[in-house]
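Each ligand, and each atom within it, is numbered from 1 in the order the structure gives. The first residue in the sequence is number 1, and the count goes up from there.
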Amino acid sequence: MQINISLEGEEIKKETEVISSQEKKIVPESELRQDIVTGDWVVIATGRAKRPEDFSKAEYSTHKLSDDKDNDDCLFCDPVKSGQEKDILIYSRNDNQWTLRVFPNKYPAFSRGRVPKPLEEGPYFAMTGTGYHEIIVTRDHDKHLPDLETIEIAEVFDAFQDRYLDLMKKKSVNYITIFHNFGKEAGASIAHPHSQLIAIPVVSPYIKQELDGAELYFKSLRKCVYCEMMEYEIKRKARVISENDEFIAFCPFASRSAFEIWVMPKKHNPYFERITDEEKVQLAEVFKDALSSIKRTVNNPPYNFYIHTSPCDGKDYRHYHWHIEILPRTSTWAGFELETGIEISMIQPEVAAKALQDSLK
Ligand SMILES: [Zn+2]
Ligand SMILES: [Zn+2]
Ligand SMILES: [Zn+2]
């Protein structure tokens, strides 16, 4: 059974379940819970509700991915036929064939709503997991990002920007994360190429660390730490994979994973959403090189990439510099990595960069 609640002019459907013949209970919304010691946030996403017995039935080692070869039943090849919600954004060619579409995630980690409600329990603090979770899909089932034309990749960045500009205006949204999972080891549960956007009320701990680090660096050395890094990499050349007038791709000095690449605008800019049309094409060029070099050098490994950009909470982030981090999944995090947060990378970033450079020749 479903009830409809109207918030901010949007209709939100919530599943309900019957707990007795008289009483009906709404499945709780997602919750953002804060770690009382570190201040870090976790999300308890009950929209994908699981009972303890579901975990014991799960086959962890054979996590299923929709078959790459058989795309007849692919949810994303025909989102309308498969019952996805209405498109939020759709790009089409002259012949009316769609090339890219954006729609709400059927199983969102966050629930749409106006403002997050505080939830307290004893010494703990939490809030409702208010937010937006959208899927960005390119048309071709078998063509992943590095296989697309530069202009098609630019279109993907254009869609990211379009949705960002819309969602940043929402009251409940303070941070927007845009990411992409490729391959089941990287968390992709549907083979069809897609990226995701999640707009949330809190800033992620990892971004917070980068924002604080960039501000501290600026205060002591009067310089953007990312501009500093980039100038050195351009001079030294050893870790640079690709560059043009506006963008650069390089293996970071302290790479967290083998063949990790960062893509950065050469001009100082804290805000991804301010990218121009010309810059989107230049970004697509360098980004395609980065992904293609990983695909060729490491035999098409699973990877994640995400955009790191300033929060949209109205505060001043002039010391930050937006960028994309691409992390090939060349190893699994084990006890040491999870406990310390220090990843063991099996190759020197300089050696990895040389191989990546050679693959583009
Ligand atoms: Zn498909
Ligand atoms: Zn900078
Ligand atoms: Zn970053």
Side-chain angles (χ1 to χ4, degrees), residues 65-84 97-101 103 106 135-145 147-148 175-182 184 188-195 203-219 221-234 246-257 260-272 274-275 279 287 290 304-311 316-327 341 343:
L65 192 65
S66 66
D67 193 348
D68 264 322
K69 283 171 197 75
D70 179 20
N71 56 10
D72 282 355
D73 300 319
C74 172
L75 282 175
F76 294 165
C77 275
D78 189 348
V80 179
K81 205 169 94 188
S82 59
Q84 292 289 349
Q97 295 287 344
W98 67 276
T99 54
L100 176 149
R101 59 205 307 162
F103 45 84
K106 234 178 164 179
I135 309 279
I136 299 103
V137 173
T138 43
R139 186 174 181 117
D140 200 323
H141 186 92
D142 300 311
K143 264 194 184 169
H144 286 270
L145 279 165
D147 317 317
L148 296 177
Y175 185 68
I176 299 175
T177 173
I178 297 169
F179 60 96
H180 185 101
N181 307 328
F182 170 73
K184 66 175 178 178
S189 52
I190 288 180
H192 193 116
H194 65 284
S195 306
V203 177
S204 86
Y206 189 37
I207 275 288
K208 176 91 178 48
Q209 228 182 350
E210 286 194 353
L211 295 168
D212 291 348
E215 192 176 345
L216 200 68
Y217 196 92
F218 189 88
K219 280 186 175 153
L221 296 156
R222 312 306 301 167
K223 228 187 149 181
C224 162
V225 64
Y226 293 96
C227 286
E228 178 96 316
M229 208 188 300
M230 205 161 35
E231 275 164 33
Y232 179 75
E233 295 301 336
I234 291 169
E246 302 287 348
F247 284 86
I248 180 172
F250 63 97
C251 292
F253 176 74
S255 292
R256 283 181 302 145
S257 101
E260 175 175 349
I261 299 180
W262 288 3
V263 178
M264 225 174 258
K266 287 186 171 175
K267 258 191 241 116
H268 180 77
N269 179 4
Y271 307 100
F272 160 74
R274 296 190 188 169
I275 191 170
E279 285 167 349
F287 189 70
N304 304 96
F305 74 77
Y306 36 82
I307 299 179
H308 271 170
T309 185
S310 297
D316 175 15
Y317 295 107
R318 79 182 84 163
H319 315 309
Y320 193 58
H321 191 129
W322 81 265
H323 55 276
I324 300 174
E325 299 187 4
I326 309 169
L327 279 160
E343 186 161 347

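- Inspection of the environment of the Zn ion (ligand 3) yields the following protein N, O or S atoms under 2.8 Å: Glu210 OE1, Glu210 OE2, His308 ND1, His323 NE2, Glu325 OE2.
- A distance of 9.0 Å separates OG in Ser195 from CZ in Phe179, rounded to the nearest 0.5 Å.
- Its N, O or S atom nearest to the Zn ion (ligand 1) is what matters here, and for His192 that atom is ND1.
- Taking all atoms of both residues into account, the shortest heavy-atom contact from His192 to Arg139 is CE1-O, 3.1 Å.
- A donor atom on one side chain and an acceptor atom on the other are found under 3.5 Å apart for Tyr226 and Glu210.
- Remark: at the Zn ion (ligand 1), atom SG from Cys74 and atom ND1 from His141 enclose 110°, rounded to the nearest 10 degrees.
- Within a 6.0 Å radius of OH in Tyr206, other residues, nucleotides and ligands contribute more than 12 heavy atoms.
- Using a cut-off of 4.0 Å between Lys/Arg side-chain N and Asp/Glu carboxylate O, Lys266 and Glu231 are scored as not salt-bridged.
- Remark: the Glu215 side chain and the Tyr320 side chain contain no N/O donor-acceptor pair separated by less than 3.5 Å.
- Protein N/O/S atoms closer than 2.8 Å to the Zn ion (ligand 2), listed by chain and residue number, are Cys224 SG, Cys227 SG, His268 ND1, His321 ND1.
- When every heavy atom of Ile261 is checked against every heavy atom of Ala290, the shortest pair comes out as CD1-O, 3.7 Å.
- Note: His180 and Tyr306 fail the aromatic proximity criterion, with ring centroids not under 6.0 Å apart.
- Of all heavy-atom pairs spanning Phe247 and Glu279, the tightest one is CE1-O, 3.3 Å.
- Within 6.0 Å of atom CZ in Arg256, more than 12 heavy atoms from other residues, nucleotides or ligands are found, so the atom counts as buried in its surroundings.
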